[in-house]
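This report concerns only the one structure given below.
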Amino acid sequence: MLFKQQAWLRQKLLVLGSLAIGSLLYLVARVGSLDRLQPICPIEGRFGARGQAEFPLRALQFKRGLLHEFRKGNSSKEQVRLHDLVQQLPKAIIIGVRKGGTRALLEMLNLHPAVVKASQEIHFFDNDENYAKGIEWYRKKMPFSYPQQITIEKSPAYFITEEVPERIYKMNSSIKLLIIVREPTTRAISDYTQVLEGKERKNKTYYKFEKLAIDPNTCEVNTKYKAVRTSIYTKHLERWLKYFPIEQFHIVDGDRLIMEPLPELQLVEKFLNLPPRISQYNLYFNATRGFYCLRFNIIFNKCLAGSKGRIHPEVDPSVITKLRKFFHPFNQKFYQITGRTLNWP
Ligand code: A3P
């Protein structure tokens with residue numbers, strides 16, 4: 001009997017001890033994560049007056065909790081006023097490239113406490129109907145943020161749409177422009193895979209990639225195929241350079257963002273004059289997904305949707321070689337203009 005009671009007591013003590021240690025560990029980790037994510041330094045440069053832009057300590061709670069309510073429209077005007085919240089035009093835009101990793105880049109930058117993302121692609125500058133609604137319409141599509149935070153939106157169609165550079169220039173000639181690129185042939189196949197999946201969902205048949213990418217009459221690369229044209233980055237960039245100097249662009253290596261996201265994100269923080277706040281803690285490799293996922297704090301983490309990271313169909317190696325040869329001179333020019341060499345084949 002005594003022995004039974006002792007065993008019961010020991011078990012109880014063990015459970016209580018584990019609970020106490022667990023709680024302690026939780027508190028330590030939580031305080032640690034908050035420390036890491038609370039920037040005290042001002043945001044320099046164009047994004048705010050030097051020295052006066054103290055970033056509120058409430059930012060983290062705000063980003064994860066309140067913001068959600070505001071977006072859902074559950075907030076009152078009083079709450080918005082109380083928290084000094086505003087809807088700001090973007091200070092930086094991810095203008096492309098489609099399938100370059102634009103969603104991953106936006107979500108990862110949103111880990112930074114001074115960054116607030118526009119969740120949806122707004123398509124203001126590339127869609128005539130939206131553009132005709134005016135800049136106030138665009139601003140009202142932006143999330144609520146503190147004045148010291150910066151808003152970032154992404155609409156990959158901007159990069160390839162003729163009218164967009166002039167329209168963005170008219171809104172803000174000193175805006176910062178982010179372009180995320182991947183090896184052009186891989187990007188074209190990724191683009192094709194997305195369209196193919198859409199067709200399959202509607203039970204439609206579609207051509208093979210090889211048939212679209214190579215002109216059957218000439219056996220040369222089919223430059224009329226949109227997925228090929230989009231990957232000629234230098235051609236599109238040249239249009240943008242009629243409006244913006246190269247210093248206003250930052251090139252993100254989308255292939256490296258997949259394999260090793262942190263250094264790429266640190267380069268973006270620098271370009272945006274943001275204090276470095278994204279750390280290895282915020283990114284963890286998820287073996288099931290085969291990609292890096294995001295950790296905001298000890299409780300909240302997420303991976304990108306399944307539509308990001310599709311399995312590509314197999315493509316005839318001779319077509320891949322032909323495409324790579326075709327893109328090579330355009331890539332060289334792209335490196336030359338941007339000053340970023342990406343060592344694509
Ligand atoms: P694939 O589907 O070809 O693999 P976008 O957001 O511009 O449409 O780009 C989609 C691409 O983002 C995906 O292309 C994927 O490779 C890439 N990507 C980069 N980082 C990712 C991440 N952490 N999780 C999922 N996809 C990521």
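In what follows, every heavy atom counts, from backbone to side chain, and hydrogens, waters and symmetry copies are set aside. Numbering of residues begins at 1 and proceeds along the displayed sequence. Counting convention: from 1, in listed order, for ligands and their atoms alike.
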If we number the atoms of ligand 1 from 1 as shown, the ones under 4.0 Å from a heavy atom of Arg103 are 6 (O)
List the steps, then state whether side chain to side chain donor-acceptor pair (under 3.5 Å) holds for Thr193 with Asp191. CA-CA 5 Å; Thr193 310; Asp191 199 330; over 6 Å; no
To atom 12 (O) of ligand 1, the nearest of Ala104, Gly101, Cys293 on a heavy-atom basis is Gly101
Test of proximity, Ser190 against ligand 1: N or O pairs below 3.5 Å: yes
Taking 4.0 Å as the limit for heavy-atom contacts, which would you say applies to Gln194 with ligand 1: side chain only, backbone only, both, or neither? neither
For atom 21 (C) of ligand 1, which candidate among Tyr192, Phe291, Tyr292 provides the closest heavy atom? Phe291
One finds that the ligand 1 atoms under 4.0 Å from a non-hydrogen atom of Ile258 are 16 (O), 18 (N), 19 (C), 20 (N)
Return yes when His312 approaches ligand 1 closer than 4.0 angstrom through a heavy atom, no otherwise. yes
Restricting to side-chain hydrogen bond (donor to acceptor under 3.5 Å, both in side chains), what partner residues turn up for Tyr292, sequence neighbours left out? none
For the residue pair Glu163 and Thr161, confirm or rule out a side-chain donor-acceptor distance under 3.5 Å. no
Within 6.0 Å of NZ in Lys208, more than 12 heavy atoms from elsewhere: no
Counting each atom of ligand 1 from 1 as listed, which ones have a heavy atom of Gly100 under 4.0 Å away? 7 (O), 9 (O)
Regarding Arg340 and the six-membered ring of Tyr335, is the cationic atom NZ or CZ under 6.0 Å from the ring centre and inside 45° of its axis? no
So, is Gly309 polar-close to ligand 1, with some N/O to N/O distance under 3.5 Å? yes
Could you tell me, atom by atom, which parts of ligand 1 come under 4.0 Å of a heavy atom of Met108? 23 (N)
Indicate yes or no: does Glu107 engage Lys117 in a salt bridge with an N to O separation below 4.0 Å. yes
Counting only heavy atoms, which portion of Met259 has something under 4.0 Å from ligand 1: side chain, backbone, both, or neither? neither
N/O separation below 3.5 Å, Thr102 to ligand 1: yes
Sequence-distant partners of His312, side-chain hydrogen bond (donor to acceptor under 3.5 Å, both in side chains), two or more places apart: none
What residue and atom, counting heavy atoms only, is the protein's closest point to atom 14 (O) of ligand 1, and at what distance? Arg182 NH1, 3.0 Å
Pick out which of Tyr169, Trp240, Phe159, Tyr158 makes a ring-ring contact (aromatic ring centres under 6.0 Å, His included) with Phe125. Tyr158
Just distances here: any N/O of Ser307 and N/O of ligand 1 closer than 3.5 Å? no
Cluster link Phe326 to Tyr192, ILVMFWY, side chain under 4.5 Å: yes
